[in-house]
Number of protein chains: 2
Amino acid sequence: MTIAEVSKKYELTPDTIRYYEKEGLIPKVPRNKNGIRNFDEESCAWIEFIKCMRSAGMEIEILKKYVELYWKGADTVKERKELLEEQRTRLLKKQQDINATLERLNYKIKVYDEIQQGKRKHFMEKP
Amino acid sequence: MTIAEVSKKYELTPDTIRYYEKEGLIPKVPRNKNGIRNFDEESCAWIEFIKCMRSAGMEIEILKKYVELYWKGADTVKERKELLEEQRTRLLKKQQDINATLERLNYKIKVYDEIQQGKRKHFMEKP
DNA sequence: TATTGACTTAAAGTTAACTCCAAGTGGTAT
DNA sequence: ATACCACTTGGAGTTAACTTTAAGTCAATA
């Protein structure tokens, strides 16, 4: 698979994919004789994994650390598990923040609805 | 309330609070005769609101837009409601991304647990 | 009176995560 | 053969959201 194909498949720009490789988030992608990347299953699996983690806002540095530990092998299982648990904690916190904000947005939208329908006075609205 | 007190209350640095004011996320804070900020209820309410929205990752520019509309008054109710609805949609998407990532993290952590307990071979693990 | 400490400002600096650019290579279509 | 196109690189540029810095004001304390 060429970088253009992978780019389309995962909706990441070629630049972003090359950046991920340069940063070590993806193992070195195989090349043809002209030095052009030829993505295999493993490369794609990593891209998909990184994309998922990034979509939740996990930091590049953390992912780099995880990938580094992964390549060190069996000795790092404990450390990797701890890293993932820490990230899970972070995401659970983030989820709560978003939930709280969503509730607030829902309330405000409801209030605006009532104002629009004349059920409520505009000047009674607060930040 | 001084900026130091507000800073402690909302766990935002004084610099961040001044930055928010400069950017127009908070209405102009009242000052004493020496030009020192004296935060009133309204200022605090705005800070609290902005903090909540920011904690969910809502952008400064969007919040600036919302605040601007707010000060324009009743004419902008429809536009404000639409803005908030758009942000709600964004947050719902983000929530889904985080949920998907959390599920994946849970699975991986479980796998690492099983490896640690010798129930699973390390080399069978994938990205 | 001198200094301490909390406040003020405008403007420059930082960080993360891309994103773009310029210059170059090689395979293919006209 | 020549032009085109997708790819390559290192490195510079961008953006958001702060964060730091330098220089200054004022009230209270030693």
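Computed from a prediction, not measured in an experiment: that's the story for all the values here. To find a chain, count down the sequence lines: A is the first, B the second, and so on, and within it residues start at 1.
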Just N and O in the side chain of [X]: are any of them under 4.0 Å from OP1 or OP2 of [N]?
X: B/Asn34; N: C/dC7; answer: no
X: A/Tyr20; N: C/dC18; answer: yes
X: B/Arg31; N: D/dT25; answer: no
X: A/Arg37; N: D/dT9; answer: yes
X: A/Thr13; N: C/dC18; answer: no

What is the distance, rounded to the nearest whole Å, between atom [atom1] of [X] and atom [atom2] of [N]?
X: A/Asp15; N: D/dA6; atom1: CG; atom2: C1'; value: 13 Å
X: B/Lys33; N: D/dT25; atom1: NZ; atom2: C1'; value: 13 Å
X: A/Met1; N: D/dA6; atom1: CE; atom2: P; value: 17 Å
X: B/Leu12; N: D/dC18; atom1: CG; atom2: P; value: 8 Å
X: A/Asn38; N: D/dT8; atom1: CG; atom2: P; value: 10 Å
X: A/Ile17; N: C/dC18; atom1: CD1; atom2: P; value: 12 Å
X: B/Phe39; N: C/dC7; atom1: CZ; atom2: C1'; value: 11 Å
X: A/Leu25; N: C/dA16; atom1: CG; atom2: P; value: 14 Å

| So, do A/Phe39 and A/Trp46 have ring centers that fall under 6.0 Å from each other? | no
Among [options], find the nucleotide with the atom closest to the side chain of [X].
X: B/Lys22; options: C/dC18, D/dC18, C/dA11; result: C/dA11
X: A/Arg54; options: C/dC7, C/dC18, D/dC7; result: C/dC18
X: B/Thr16; options: C/dC7, D/dT19, C/dA17; result: D/dT19
X: B/Ile3; options: C/dT8, D/dA17, D/dC7; result: C/dT8

**Prompt:** Will you find, in the side chains of B/Lys78 and A/Gln116, an N or O donor that is under 3.5 Å from an N or O acceptor?
**Reply:** no
task = Tell me yes or no: between the side chains of A/Asn38 and A/Arg31, is some donor less than 3.5 Å from an acceptor?
result = no
Using a cut-off of 4.0 Å on non-hydrogen atoms, how would the nucleic acid contact of B/Glu59 be classed: base, sugar-phosphate, or nothing?
sugar-phosphate
All N/O donor-acceptor pairs, side-chain side in residues 1-9 of chain A, below 3.5 Å, sequence neighbours left out:
| from | atom 1 | to | atom 2 | distance (Å) |
| --- | --- | --- | --- | --- |
| A/Thr2 | OG1 | A/Ala4 | N | 3.4 |
| A/Thr2 | OG1 | A/Glu5 | N | 3.2 |
| A/Glu5 | OE1 | A/Thr2 | N | 2.9 |
| A/Ser7 | OG | A/Leu12 | O | 2.7 |

Walking DNA chain C from its 5' end, the first of B/Arg18 and A/Met58 to be reached, judged by nearest nucleotide, is B/Arg18
Residue pair A/Thr2/B/Glu61 against DNA chain D: nearer the 5' end by closest nucleotide is A/Thr2
Do the ring planes of B/Phe49 and B/Tyr66 sit parallel (below 30°), tilted (30 to 60°) or perpendicular (above 60°)?
tilted
